[in-house]
Amino acid sequence: MKIIVANWKMNGTVAFADRFIEEINLVDSKNLAVVCPPAALIGRFRDFRYKIGAQNCFSENEGAFTGENSPKLLKEIGCEYVIVGHSERRAIFGETDESVFKKWKAAIENRLTPIVCVGEKANERENWREILSGQLKLFLNETLSETIFAYEPVWSIGTGVIPTKESIETVFEFLKELLGNQTRLLYGGSVNSQNAEQILNCKNVSGLLIGGASLKIDEFKKIMEMKR
Ligand code: PGA
């Protein structure tokens with residue numbers, strides 16, 4: 001069984017969500033599918049057959065934090081997963097390794113499964129080991145059995161360029177050594193129905209985090225139905 005996560009980012013409409021739910025509910029997949037729509041659409045997924053996640057949460061459960069999403073409330077409305085530290089959150093909204101760690105902690109305390117994203121930028125490709133070690137430093141003394149990590153090279157997100165099988169396997173071997181053998185690791189960045197199988201066959205890859213292709217219902221269906 002693989003973990004197939006859809007990250008809609010800030011896309012989709014009520015009508016699209018309703019159509020997506022109707023069509024995906026007809027898919028009989030043995031994989032673990034998790035859909036992360038924009039927060040404003042989560043309520044539409046009440047009768048969804050698969051799992052729901054949020055794209056972000058705050059590190060506190062309640063208080064004077066205008067505009068933030070409480071992990072406690074996300075759990076209450078049916079989320080079981082939450083993405084934290086996506087590269088867009090880091091680049092556009094100023095999230096740091098420290099703030100990502102706090103969000104991770106809040107997610108765990110609320111029994112949400114965090115999907116922690118890491119990855120090097122284009123100009124950091126040669127130093128990926130240092131970059132990933134730095135992003136993960138705060139996690140290394142923690143219990144990580146309930147955490148999923150997603151390796152998303154920033155240069156691969158939305159570009160159509162994916163790393164070779166060899167480089168995915170090298171990075172995932174490194175991550176397994178760093179985080180422990182039990183940790184589940186996803187790959188994300190330009191995944192589609194054409195390349196998904198090849199990536200799922202890479203050693204140590206437990207699943208996929210899919211942006212653009214998760215907004216195309218037929219594409220997402222095909223990926224959900226892949227090897228278990
Ligand atoms: P992409 O996005 O699949 O569109 O490259 C992946 C992501 O940002 O999680």
Side-chain angles (χ1 to χ4, degrees), residues 2-13 16-17 20 24 31-39 41-42 50-57 69 79-95 100 103-104 107 112-122 124-125 128 131-132 135-136 147-165 167-168 171-172 175 184-202 205-226:
K2 297 289 186 177
I3 306 167
I4 309 293
V5 184
N7 172 17
W8 286 11
K9 311 193 179 188
M10 202 177 72
N11 296 297
T13 59
F16 175 75
F20 183 95
I24 297 298
N31 292 314
L32 172 68
V34 181
V35 177
C36 305
L41 288 175
I42 290 171
Y50 296 95
K51 306 286 185 191
I52 306 296
Q55 297 173 12
N56 177 36
C57 69
N69 276 318
C79 288
E80 292 180 65
Y81 294 78
V82 60
I83 299 172
V84 295
H86 189 278
S87 65
E88 287 150 19
R89 301 286 325 164
R90 294 176 190 257
I92 306 168
F93 302 99
E95 294 195 7
V100 170
K103 290 177 177 206
W104 167 81
L112 287 163
T113 301
I115 303 171
V116 179
C117 300
V118 294
E120 78 285 0
K121 300 192 193 102
E124 299 168 334
R125 278 186 78 167
W128 63 267
I131 298 298
L132 298 184
Q135 290 172 337
L136 292 167
T147 302
I148 297 173
F149 288 88
Y151 170 61
E152 299 205 296
V154 180
W155 48 269
S156 173
I157 295 177
T159 59
V161 183
I162 59 164
T164 61
K165 181 176 174 23
S167 57
I168 292 177
V171 172
F172 277 60
L175 290 173
R184 292 162 295 170
L185 303 175
L186 313 182
Y187 169 80
S190 293
V191 175
N192 58 39
S193 66
Q194 305 291 311
N195 59 27
E197 184 100 50
Q198 174 199 325
I199 301 170
L200 286 174
N201 282 328
C202 291
V205 173
S206 295
L208 304 167
L209 178 50
I210 307 165
S214 72
L215 291 159
K216 296 178 187 146
I217 298 176
D218 286 341
E219 278 281 289
F220 191 64
K221 261 192 205 167
K222 278 188 202 155
I223 302 171
M224 278 179 75
E225 286 166 339
M226 273 173 197

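The structure displayed is predicted, hence computed values, not measured ones. Both ligands and their constituent atoms are indexed starting at 1 by order of listing. For reference, positions follow the sequence shown, starting with 1.
Take W155 and apply the ring pair (Phe, Tyr, Trp, His ring centres under 6.0 Å) test, not counting sequence neighbours, and it matches no residue.
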Need the list: ligand 1 N/O atoms against protein N/O atoms, distance under 3.5 Å, rounded to one decimal.
residue  : atom  : partner : partner atom : Å
ligand 1 : 2 (O) : K9      : NZ           : 3.4
ligand 1 : 3 (O) : G211    : N            : 2.9
ligand 1 : 4 (O) : G212    : N            : 2.8
ligand 1 : 5 (O) : G158    : N            : 2.7
ligand 1 : 5 (O) : S190    : N            : 2.7
ligand 1 : 8 (O) : K9      : NZ           : 2.7
ligand 1 : 8 (O) : H86     : NE2          : 2.7
ligand 1 : 9 (O) : H86     : NE2          : 3.2
ligand 1 : 9 (O) : E152    : OE1          : 3.3
ligand 1 : 9 (O) : E152    : OE2          : 2.7

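Using modelled atom types, no side-chain atom of N56 and backbone atom of N69 make a donor-acceptor pair closer than 3.5 Å. In this structure, the side chain of K2 engages the main chain of L200 through a donor-acceptor pair within 3.5 Å.
A salt bridge does not link E95 to R90: none of the charged nitrogens lies less than 4.0 Å from a carboxylate oxygen.
Summarising the geometry, atom CD1 belonging to I162 is positioned 11.0 Å from atom CD belonging to Q194; distances are rounded to the nearest 0.5 Å.
Judged purely by distance below 3.5 Å, without hydrogens or angles, the side chains of S156 and T159 never pair a donor atom with an acceptor atom.
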